[in-house]
Amino acid sequence: QVQLVESGGGLVQPGGSLRLSCAASGSIFSINDMGWYRQAPGKQRELVATITSDGSANYADAVKGRFTISRDNDENTVYLQMKSLKHGDTAVYYCNAAIWAMSSFQHIDYWGQGTQVTVSS
């Protein structure tokens, strides 16, 4: 029973900040890449940021310089620090992780339940 649980979403004014957290739990052997995706109403889901197991990060052009992805391997947790938020950042944010469960022969992509981020004045 591997699960990803997200937290930290909410309502924030333009220019404000939020930090999202996503914790993996269960019988886990290892975790490879982790990442954040987002989806606004009527639009396709898009990549926000990814991070490898050793800390190498990639970002979508729309969030470079404003968002920072990080992870704590001891706690099986990935974070997304969001600064200088804009109206265009409003979306449901989903956590993703490639996880090798103890009972599995391969890594499987797991998804969090999603957390709403609303940027409004």
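For this chain, numbers begin at 1 and follow the sequence in order. Side chains included, hydrogens not; waters and symmetry mates left out as well; all remaining heavy atoms used.
Under the rule for a side chain to side chain contact (heavy atoms under 4.5 Å, CB included), the partners of Asp74 that lie at least two apart in sequence or sit in another chain are Asp72. With sequence neighbours excluded, the residues forming a side chain to side chain contact (heavy atoms under 4.5 Å, CB included) with Ala40 are Lys43, Ala91, listed by chain and number. Applying the side chain to side chain contact (heavy atoms under 4.5 Å, CB included) test to Asn73 and every residue at least two apart in sequence or in another chain returns Arg71. Considering only residues two or more places apart in sequence or on other chains, Ser30 meets the side chain to side chain contact (heavy atoms under 4.5 Å, CB included) condition with Trp100, His107.
The line from CD of Gln81 to CZ of Arg66 is 12.0 Å long, rounded to the nearest 0.5 Å. Taking OG1 from Thr50 and CG from Asn58, the interatomic distance works out to 4.5 Å, rounded to the nearest 0.5 Å. Rounded to the nearest 0.5 Å, atoms CG (Asp109) and CG (Asn96) are 5.0 Å apart. Atom CD1 of Ile51 is separated from atom CG of Asn32 by 13.0 Å, given to the nearest 0.5 angstrom. From Glu6, atom CD reaches atom OG1 of Thr77 across 12.0 Å, with rounding to the nearest 0.5 Å. To the nearest 0.5 Å, atom CD1 of residue Ile99 and atom CD of residue Gln3 are 10.5 Å apart.
Contact annotation: the side chain of Arg38 approaches that of Glu46 to within less than 4.5 Å [non-hydrogen atoms, C-beta and beyond]. Val12 is not listed as a side-chain neighbour of Met82, based on a closest heavy-atom distance of 4.5 Å or more. Side-chain contact between Thr90 and Ser120: absent, with no pair of heavy atoms (C-beta onward) separated by less than 4.5 Å. In this structure, the side chains of Ile31 and Asn76 come closer than 4.5 Å at one or more pairs of heavy atoms. Counting heavy atoms from C-beta on, the side chains of Phe67 and Leu85 come closer than 4.5 Å.
Residues Val2 and Ile108 share a hydrophobic cluster, clusters being chains of Ile/Leu/Val/Met/Phe/Trp/Tyr side chains in contact below 4.5 Å.
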Trace of the side chain to side chain contact (heavy atoms under 4.5 Å, CB included) decision for Val48 with Val63
CA-CA 7 Å; Val48 176; Val63 306; 4.2 Å; yes

Decide side chain to side chain contact (heavy atoms under 4.5 Å, CB included) for Val78 and Cys95; before the verdict, give the C-alpha distance in whole Å, the side-chain angles of both, and the deciding distance to 0.1 Å.
CA-CA 8 Å; Val78 63; Cys95 172; 3.7 Å; yes

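What you find for Tyr110 and Leu4 is that their closest heavy atoms are O-CD1, 3.3 Å. Between Ser84 and Asp89 the shortest heavy-atom distance is O-OD2, 4.4 Å.
In the hydrophobic clustering, Val92 connects to Tyr37, Leu47, Tyr94, Trp111, either directly or through intervening members, whenever side-chain heavy atoms lie under 4.5 Å apart.
Taking the charged nitrogens against the carboxylate oxygens, Asp61 and Lys64 do have a contact shorter than 4.0 Å, which makes a salt bridge.
The backbone N or O of Thr68 lies less than 3.5 Å from no partner atom in the side chain of Tyr79, so there is not a single donor-acceptor pair.
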For a quick test of your reading: what N or O donor-acceptor pairs under 3.5 Å do the side chains of residues 17-29 make, sequence neighbours left out?
none

